[in-house]
Structures are given as C-alpha cells and as structure tokens.
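Okay, structure first, notes after.
Only heavy atoms go into these numbers, but all of them, side chains included; no hydrogens, no water, no symmetry mates. All values reported here derive from a predicted model rather than from experimental measurement.
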There are 2 protein chains.
Amino acid sequence: MTVTETMRVPARSAGRDPADPCATRAEVHPRPDGRDQYTISEVVALTGLTAHTLRWYERIGLMAHVDRSHTGQRQYSNRDLDWLKLVGKLRLTGMPVADMVRYAELVRQGDHTYAERRDLLEATRRDVLSRIAELRDTLAVLDHKINIYADAGRASERV
Amino acid sequence: MTVTETMRVPARSAGRDPADPCATRAEVHPRPDGRDQYTISEVVALTGLTAHTLRWYERIGLMAHVDRSHTGQRQYSNRDLDWLKLVGKLRLTGMPVADMVRYAELVRQGDHTYAERRDLLEATRRDVLSRIAELRDTLAVLDHKINIYADAGRASERV
DNA sequence: TGCTTGCTTGGAGTGCACTCGAAGGTCATA
DNA sequence: TATGACCTTCGAGTGCACTCCAAGCAAGCA
C-alpha cells in the first residue's frame with residue numbers, strides 16, 4: 001500500500017466554512033496522531049470502503065466536495081472521516097443511499113434544516129427498532145429449527 | 001383480486017411424499033379454515049409477495065415444485081406456506097437468495113443432510129446476533145445525534 | 001360467441017449500490 | 001529519464017433480487 005506520508009502544511013484549505021457541510025458542528029473527532037489530512041488510500045484503510053466507492057459517494061452528493069491538493073488529489077479531513085462513519089452506520093440500517101443524500105443536502109443547507117434532519121433521524125430510529133424486533137423474531141425461529149435438528153441428531157445417535 | 005374460491009377436493013396431490021421437500025417434518029401448520037390448497041393470488045394475499053416473485057422462487061429452486069391443478073395452475077399447500085414463512089424470515093436476516101436455495105436443496109436431499117442444515121442455520125444465527133449488535137450501536141449514534149438536534153432546537157427557542 | 005379475469009410460460013428489463021476500465025497526470029526513487 | 005506507485009476523470013459493467021412483458025390457455029358470464 002505504501003501510503004506515502006507527504007503531510008504537507010494545510011495550504012489554506014483547512015480553514016473550511018465554520019457552518020460546514022457534512023458534520024454536526026462541534027463534533028469533529030481528531031484522530032490520535034492529531035492529523036487532519038488523509039489521502040484516499042488512507043481513508044480506504046480507515047473505513048474499509050474502496051477508493052471507487054469514496055469517489056462515487058462524492059459524485060452522487062453523499063459527501064460534500066473533498067479538499068484537493070495542488071495536484072488535484074483528494075485530502076480528507078477528520079470531519080470527512082466522521083461523516084463517513086455516520087454514513088457507515090446509516091448504511092447498516094438499510095437506509096437507501098438516496099435518503100442519505102437527502103440528509104447530506106439538509107446538512108449542506110444549514111441550520112434552518114435542523115427540524116427536518118431530526119425528523120429524518122427519528123424515522124430511521126423507528127426503522128432500526130423494528131428491524132431489531134424482526135431479527136429477534138427470526139432468531140426465535142432459527143433457535144426452534146436448530147433445536148429440532150439437534151434432537152434429530154441425538155435420536156439418530158440412539159439408534 | 002376476486003380470488004374465486006374453487007375449493008376442489010384434493011385431487012390426489014395432498015398425499016405428498018412424507019419425506020417432503022421443503023418443510024421440517026411434523027411442522028405443517030394448517031390454516032384456521034382447515035384448507036390445504038391455495039391459488040397463487042391467495043398466497044400473494046397471505047404472504048405479501050407478488051405472483052411474479054412466487055413463480056421466480058420456484059424457477060430458481062427456492063421452492064420445490066408446487067402442485068398443479070388439471071389446468072396447470074399452481075396449488076400451494078400449508079407446507080408451502082410454512083416454507084415461505086421461513087424464507088421470509090431468512091430474507092429479513094439479509095441472507096442471500098443463493099444461500100436459501102442451498103438450504104432448500106439440502107432439505108430436498110433428505111435426512112442425511114441434517115448436520116449441514118444445522119450448521120447453516122447456526123451460521124445464520126451468529127450473523128443475526130451480530131446484526132442486532134450493529135443495529136444497537138447505530139441506535140446509540142442516532143440517539144446521540146437526535147439529542148444534539150433537540151438541544152439545538154431548545155437553544156434557539158431560548159433566543 | 002365473445003368478453004373478461006386469472007392464470008401459464010420463458011425471456012427480457014429494472015433499480016440499486018457499487019465496481020471496474022481506460023486514458024492520462026504527478027511524484028519519488030533507481 | 002524512466003519506472004512504478006498513486007492518483008485523477010467519466011462512462012460502462014456487474015450482481016442481486018426482483019419485475020415486467022407478450023403470447024396464450026381455461027373458466028365464468030352476457
């Protein structure tokens with residue numbers, strides 16, 4: 001992978017708009033080494049997503065435009081990483097990408113969309129709760145079946 | 001929908017092979033009205049699947065061949081309905097259709113596949129457990145975000 | 001007798017979420 | 001200076017799980 005640690009000084013791009021696109025304010029979690037610039041391959045290693053998928057996320061508007069170096073290469077910030085972490089969680093809930101894009105748009109539109117964002121998140125929360133209930137139910141069915149097979153196994157041993 | 005209640009006498013097909021394809025033995029749950037024959041549109045109503053999907057399930061081997069009337073129309077049994085219910089549960093776990101087909105094949109192959117079926121089910125069980133854990137985790141993130149928006153809302157009220 | 005409804009078939013089409021390929025630019029090291 | 005690693009773009013391709021279509025048969029009804 002080689003991940004050449006260039007670590008240039010934040011040219012002028014680190015000072016992003018304080019009402020930033022894709023993270024809830026005051027929620028940026030700096031990574032242990034204190035850096036705030038990551039190449040796409042570093043983000044690949046950190047998130048488990050592919051570089052293709054990261055570029056695609058940006059193309060469809062699921063991520064705000066990522067900073068570029070003077071040669072045009074992407075430089076992801078801690079804020080971007082936080083956003084990707086949230087996206088990862090939302091993806092696990094089965095939320096369609098289109099809905100996540102909608103949420104990203106709301107974030108980009110600024111503070112006056114708080115209520116709508118909250119509604120969206122609360123609807124998702126309800127979804128997650130019912131998915132958990134479904135899975136519990138499925139677990140019960142699975143356990144029932146597994147027991148049947150276990151009993152059958154024991155019965156055939158006794159023969 | 002019209003579901004013409006023909007209710008013919010089980011011509012000769014109800015007496016299926018006791019080592020039946022797609023249900024664990026002694027697990028047929030008769031429906032309240034005591035019937036054991038359903039047209040495809042009745043099954044659509046009972047399962048929420050489309051007729052297209054039901055035919056497709058049969059085509060790909062996710063269901064054993066369904067009985068036909070003398071005119072070639074499908075007649076689903078209670079056993080088929082039980083199987084569809086299990087498939088529905090497995091589908092909720094995110095199990096790929098190909099894996100469900102594999103399980104259906106094992107069922108069709110008879111009793112000597114019990115151990116393998118059980119392994120498959122236990123692997124699925126582990127998956128379900130970890131999905132539940134993931135969803136709980138996501139729930140925590142969601143609650144955290146929702147609280148932030150709620151606080152922001154209260155703060156702006158106070159202004 | 002014709003019309004409508006509901007069913008049959010095989011094959012083609014759809015939507016989603018990636019996933020890949022081709023052509024080309026930049027940079028550090030041999 | 002050239003080799004290789006890494007990046008860029010846009011457009012096309014993939015795999016999954018359906019979903020639909022066209023042509024045609026059977027049964028009930030005016």
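B:Asp137 places no side-chain N or O within donor-acceptor distance of the main-chain N or O of B:Glu134, the cut-off being under 3.5 Å.
Of all the heavy atoms in B:Tyr103 and B:Leu86, the pair that sits closest is CE2-CD2, 4.0 Å.
When rounded to the nearest whole Å, the span between CD of B:Glu58 and C1' of C:dT9 equals 12 Å. The interatomic distance linking B:Ile60 (CD1) with D:dA17 (P) rounds to 8 Å, in whole Å. Spacing between atom NE2 of A:His52 and atom C1' of D:dT8 amounts to 12 Å, rounded to whole angstrom units. Taking atom CD on A:Glu42 and atom C1' on D:dA5, their separation rounds to 14 Å, with Å as the unit. Nucleotide C:dT5 holds its P atom 16 Å from the CD atom of B:Gln73, rounded to whole Å. In this structure, B:Trp56 places its CH2 atom 17 Å from P of C:dA12, rounding to the nearest Å. One can place OH of B:Tyr38 at 16 Å from P of C:dC7, the figure rounded to the nearest angstrom. Following rounding to the nearest Å, A:Tyr76 (OH) and D:dC7 (C1') show an atom-to-atom distance of 11 Å.
Side-chain N/O atoms of B:Arg68 include one lying less than 4.0 angstrom from OP1 or OP2 on C:dT9. Between B:Tyr57 and the phosphate of D:dA17, there is no side-chain N or O to OP1/OP2 separation shorter than 4.0 Å. OP1 or OP2 of D:dT8 has at least one side-chain nitrogen or oxygen of A:Arg55 nearer than 4.0 Å. Distances shorter than 4.0 Å separate none of the side-chain N or O atoms of B:Thr71 from OP1 or OP2 on D:dC25. Dashed line: the shortest gap from a side-chain N or O of A:Arg74 to OP1 or OP2 of D:dT8 is under 4.0 Å.
Looking at residues 84-94 of chain B, you'll see that no heavy atom sits under 4.0 Å from any atom of DNA chain C.
Between B:Arg59 and B:Ala51, it is B:Ala51 whose nearest contact on DNA chain C lies nearer the 5' terminus.
For the residue pair B:Thr124 / B:Asp127, no side-chain donor-acceptor distance below 3.5 Å is found, with atom types taken as modelled.
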Only pairs under 3.5 Å count here: list side-chain donor-acceptor contacts from residues 43-52 of chain B, not counting sequence neighbours, and write none if there are none.
residue : atom : partner : partner atom : Å
B:Thr47 : OG1  : B:Val43 : O            : 2.7
B:Thr47 : OG1  : B:Leu49 : N            : 3.1
B:Thr50 : OG1  : B:His52 : N            : 3.4
B:Thr50 : OG1  : B:Thr53 : N            : 3.0
B:Thr50 : OG1  : B:Thr53 : OG1          : 2.8

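Distance from the side chain of A:His70 is smallest for C:dC27 among the nucleotides C:dC7, D:dT9, C:dC27.
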* Pair B:Arg125-A:Asp143, side-chain contact (heavy atoms from CB on, under 4.5 Å): steps then yes or no -> CA-CA 8 Å; B:Arg125 185 182 193 282; A:Asp143 284 341; 2.4 Å; yes

* To do: Applying side-chain contact (heavy atoms from CB on, under 4.5 Å), run through B:Arg74 and B:Arg68 and close with a yes or a no.
  => CA-CA 4 Å; B:Arg74 286 172 180 79; B:Arg68 304 298 156 119; 3.6 Å; yes

